[in-house]
Enquirer: 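Handing you a structure now.
In what follows, every heavy atom counts, from backbone to side chain, and hydrogens, waters and symmetry copies are set aside.
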Amino acid sequence: MIELLTPREIDQARPSGRFVANTLRDLRERTGPGTNLLEINDWAAAMIRAAGARSCYVDYAPSFGRGPFGKVICTSVNDAVLHGLPHDYVLQDGDLLTLDFAASVNGWVTDSAISFVVGDSAAPEDTRMIETTERALAAGIGAAQPGARIGDISHAIGSVLESAKYRVNTQFGGHGVGSTMHQDPHIPNTGRPGRGYELRPGLLLAIEPWVMDGTSNLITAPDGWTLCSSNGRRTAHSEHTIAVTESGPVILTQPA
């Protein structure tokens with residue numbers, strides 16, 4: 001399913017984007033060495049309740065996971081890159097953490113992810129990896145112009161990732177959002193320009209570059225959800241939800 005929102009509906013989706021962005025900002029500020037991943041999940045759940053929002057994850061049970069997910073946020077640590085199921089783990093100084101969060105407000109879903117190093121011991125290679133995904137995200141957003149195609153976004157993302165010598169996995173990538181969390185079109189993190197679905201005003205897209213150091217191969221953790229690098233090395237992931245408008249892309253998941 002591909003939804004095209006009216007300008008009024010895009011305005012109605014803005015509070016969802018602000019809530020998701022502000023939640024991730026607040027969670028990052030509260031997280032440090034000694035924080036348990038289950039605490040992060042509890043904090044996010046309390047924020048959802050206080051805002052009158054709805055979790056997109058608790059009942060989520062796709063074919064690729066051992067569902068339902070049962071938590072309200074993905075917490076991926078070090079070699080985990082996607083769908084990290086919160087569990088009883090206490091974060092250490094220097095851990096590389098990704099928080100991926102989606103919620104529905106006013107019936108509209110937005111989705112965003114941030115990666116950061118916990119504490120004060122960021123290794124240069126971790127910083128480089130995170131910054132590369134952020135640059136790739138900015139390039140992908142810049143390519144999301146009305147009349148462009150999905151392949152233009154994929155090519156922009158892939159050009160940044162590949163020029164930084166990262167191998168790109170295309171099993172999981174960006175996607176449409178709207179009244180539900182995962183919709184068509186799929187947005188691979190590399191591709192050929194000028195190919196794929198034509199971008200039209202009203203399209204909401206979650207664009208999400210992610211990489212793993214030294215591999216493009218994933219393995220699934222014993223929890224049935226968490227996806228990890230096959231070589232056990234570190235990973236990073238950045239994501240925004242945007243609206244394609246007549247005048248270009250608008251980022252919905254910017255913190256206030």
Enquirer: Does Arg128 use its side chain to pair, donor to acceptor, with the backbone of Ala164 at less than 3.5 Å?
Expert: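 Yes, Arg128 side chain to Ala164 backbone: donor-acceptor pair under 3.5 Å.
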Enquirer: Do Ile48 and Val58 sit in the same hydrophobic cluster, where Ile, Leu, Val, Met, Phe, Trp and Tyr count as joined when their side-chain heavy atoms come under 4.5 Å apart?
Expert: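 Linked within one cluster.
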Enquirer: Determine, using ring centers only, whether Phe172 and His186 are less than 6.0 Å apart.
Expert: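 Judged by ring-centre distance (under 6.0 Å), His186 and Phe172 do not meet the cut-off.
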Enquirer: Compare every heavy atom of Cys56 with every heavy atom of Tyr60, then report the nearest pair and how far apart it is.
Expert: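 It is CB-O, 3.6 Å.
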Enquirer: Pair Leu99, Thr75 - check side-chain contact (heavy atoms from CB on, under 4.5 Å), show working.
Expert: CA-CA 5 Å; Leu99 301 178; Thr75 55; 3.8 Å; yes
Enquirer: Sorted by first residue and then second, give each ring pair (Phe, Tyr, Trp, His ring centres under 6.0 Å) pair with at least one member in residues 108-162; sequence neighbours left out.
Expert: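 Those involving residues 108-162 do not exist here.
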Enquirer: Under 4.0 Å between a Lys/Arg side-chain N and an Asp/Glu carboxylate O for Asp79 and Arg233?
Expert: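 Salt bridge flag = no for Arg233 with Asp79.
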Enquirer: Work out which heavy atom in Val160 is nearest to a heavy atom in Arg135; give both atom names and the distance.
Expert: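 Shortest heavy-atom contact: CG1-NH1, 3.5 Å.
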Enquirer: Indicate the atoms forming the closest heavy-atom contact of Leu161 with Thr133, along with that distance.
Expert: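 Nearest pair, atom of Leu161 first, then Thr133: CD2-CA, 4.5 Å.
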Enquirer: How close do Leu91 and Val77 get, heavy atom to heavy atom, and via which atoms?
Expert: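 Closest heavy-atom pair between Leu91 and Val77: CD2-CG2, 4.0 Å.
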Enquirer: Check step by step if side-chain contact (heavy atoms from CB on, under 4.5 Å) holds for Val177 and Thr110.
Expert: CA-CA 7 Å; Val177 292; Thr110 54; 5.6 Å; no
Enquirer: Taking Thr235 for the side chain and Ala80 for the main chain, is one N or O donor matched with an acceptor at less than 3.5 Å?
Expert: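 Checked: pair present.
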Enquirer: Should we say atom CG of Asp59 is surrounded by more than 12 heavy atoms from elsewhere, each under 6.0 Å from it?
Expert: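 Atom CG in Asp59 is not packed in, count stays at 12 or less.
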Enquirer: Might you work through the salt bridge (charged side-chain N to carboxylate O under 4.0 Å, His left out) test for Asp11 and Arg14, ending with a clear yes or no?
Expert: CA-CA 5 Å; Asp11 285 340; Arg14 291 178 186 271; 3.0 Å; yes
Enquirer: State whether the number of non-hydrogen atoms from other residues, nucleotides or ligands found under 6.0 Å of Arg25 atom CZ is greater than 12.
Expert: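 Count over threshold, so yes.
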Enquirer: Only distances under 3.5 Å count here; give the side-chain donor-acceptor pairs of residues 247-256 to other protein atoms, sequence neighbours excluded, each with its distance to 0.1 Å.
Expert:
residue: Ser247; atom: OG; partner: Thr245; partner atom: OG1; Å: 3.3
residue: Thr253; atom: OG1; partner: His240; partner atom: ND1; Å: 2.7
residue: Thr253; atom: OG1; partner: Thr241; partner atom: N; Å: 3.0

Enquirer: Counting distance only, does the side-chain N/O of Thr31 pair as donor-acceptor with the main-chain N or O of Arg28 below 3.5 Å?
Expert: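 Not at all, since once roles are kept as given, no pair shorter than 3.5 Å links the two residues.
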Enquirer: Could you tell me whether the side chains of Thr98 and Ser76 share a donor-acceptor contact shorter than 3.5 Å?
Expert: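 Ser76 and Thr98 do not have a side-chain donor-acceptor pair below 3.5 Å.
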Enquirer: Please check this pair: side chain of Ser112 against backbone of Glu239, looking for a donor-acceptor N/O pair closer than 3.5 Å.
Expert: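 Yes.
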Enquirer: Are the side chain of Ser154 and the backbone of Ile187 linked by a donor-acceptor contact shorter than 3.5 Å?
Expert: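 Pair absent, no side-chain N/O of Ser154 close to backbone of Ile187.
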Enquirer: Is there a side-chain contact (heavy atoms from CB on, under 4.5 Å) between Ile150 and Glu198 once you walk through the steps?
Expert: CA-CA 7 Å; Ile150 291 296; Glu198 181 177 348; over 6 Å; no
Enquirer: Counting N and O atoms only, with roles assigned by atom type, does the side chain of Asn22 sit under 3.5 Å from a partner on the main chain of Arg18, one being a donor and the other an acceptor?
Expert: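 Yes, Asn22 side chain to Arg18 backbone: donor-acceptor pair under 3.5 Å.
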Enquirer: Please check if the side chain of Asp26 supplies one atom and the backbone of Thr23 the other of a donor-acceptor pair under 3.5 Å.
Expert: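 Checking the backbone N and O of Thr23 against the side chain of Asp26, no donor-acceptor pair under 3.5 Å is found.
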Enquirer: Would you please test Phe101 and Phe19 for side-chain contact (heavy atoms from CB on, under 4.5 Å) and show each step?
Expert: CA-CA 10 Å; Phe101 182 61; Phe19 170 69; 3.9 Å; yes
Enquirer: Between His175 and His182, how do the two ring planes meet: parallel, tilted or perpendicular, split at 30° and 60°?
Expert: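 Ring orientation, 0 to 90° scale: perpendicular.
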Enquirer: According to the ring pair (Phe, Tyr, Trp, His ring centres under 6.0 Å) rule, which pairs have a member within residues 25-57, sequence neighbours left out?
Expert: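 For residues 25-57: Tyr57-Phe69.
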Enquirer: Testing the 3.5 Å rule here: is there a donor-acceptor pair between the side chains of Thr226 and Asp223?
Expert: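 Note: Thr226 and Asp223 side chains meet the donor-acceptor criterion.
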Enquirer: Donor-acceptor pair, Glu3 side chain versus Ser179 backbone, under 3.5 Å?
Expert: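 Yes; judged by distance alone, with no hydrogens or angles, the pair exists.
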Enquirer: Determine whether a donor-acceptor pair (N or O, by modelled atom type, separation under 3.5 Å) exists between the side chain of Asn231 and the backbone of Asp213.
Expert: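 Flag set: sc Asn231 to bb Asp213 pair under 3.5 Å.
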Enquirer: How about Ser238 and Glu208: does a side-chain donor come under 3.5 Å of a side-chain acceptor?
Expert: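 Glu208 and Ser238 do not have a side-chain donor-acceptor pair below 3.5 Å.
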Enquirer: Taking a hydrophobic cluster as the set of Ile, Leu, Val, Met, Phe, Trp and Tyr residues connected by side-chain heavy atoms closer than 4.5 Å, whether directly or through intermediates, do Met212 and Ile114 fall within one such cluster?
Expert: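 Hydrophobic grouping puts Met212 apart from Ile114.
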Enquirer: Side chains of Ser229 and Thr215: is there a donor and an acceptor less than 3.5 Å apart?
Expert: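 Thr215 and Ser229 do not have a side-chain donor-acceptor pair below 3.5 Å.
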Enquirer: Under a 3.5 Å threshold, yes or no: a donor from one side chain and an acceptor from the other, between Asn169 and Asn189?
Expert: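 The criterion, which ignores hydrogens and geometry beyond distance, is not satisfied for Asn189 and Asn169.
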Enquirer: Using every non-hydrogen atom in the two residues, find where Leu204 and Ala243 come nearest and quote the distance to one decimal.
Expert: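 Looks like CD1-CB, 3.9 Å.
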Enquirer: Classify the ring geometry between Tyr89 and His87 as parallel (under 30°), tilted (30 to 60°) or perpendicular (over 60°).
Expert: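 Ring orientation of Tyr89 relative to His87: tilted.
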Enquirer: If every non-hydrogen atom of Leu205 is compared with every non-hydrogen atom of Val244, which pair is closest and at what distance?
Expert: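 Shortest heavy-atom separation between Leu205 and Val244 comes out as CD1-CG2, 4.3 Å.
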Enquirer: May I ask you to check whether over 12 heavy atoms, not counting those of Glu29, lie within 6.0 Å of atom CD?
Expert: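 Check passes, neighbour count above 12.
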Enquirer: Treating Asp152 as the side-chain partner and Arg149 as the backbone partner, does any N or O pair qualify as donor plus acceptor under 3.5 Å?
Expert: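 It does hold such a pair.
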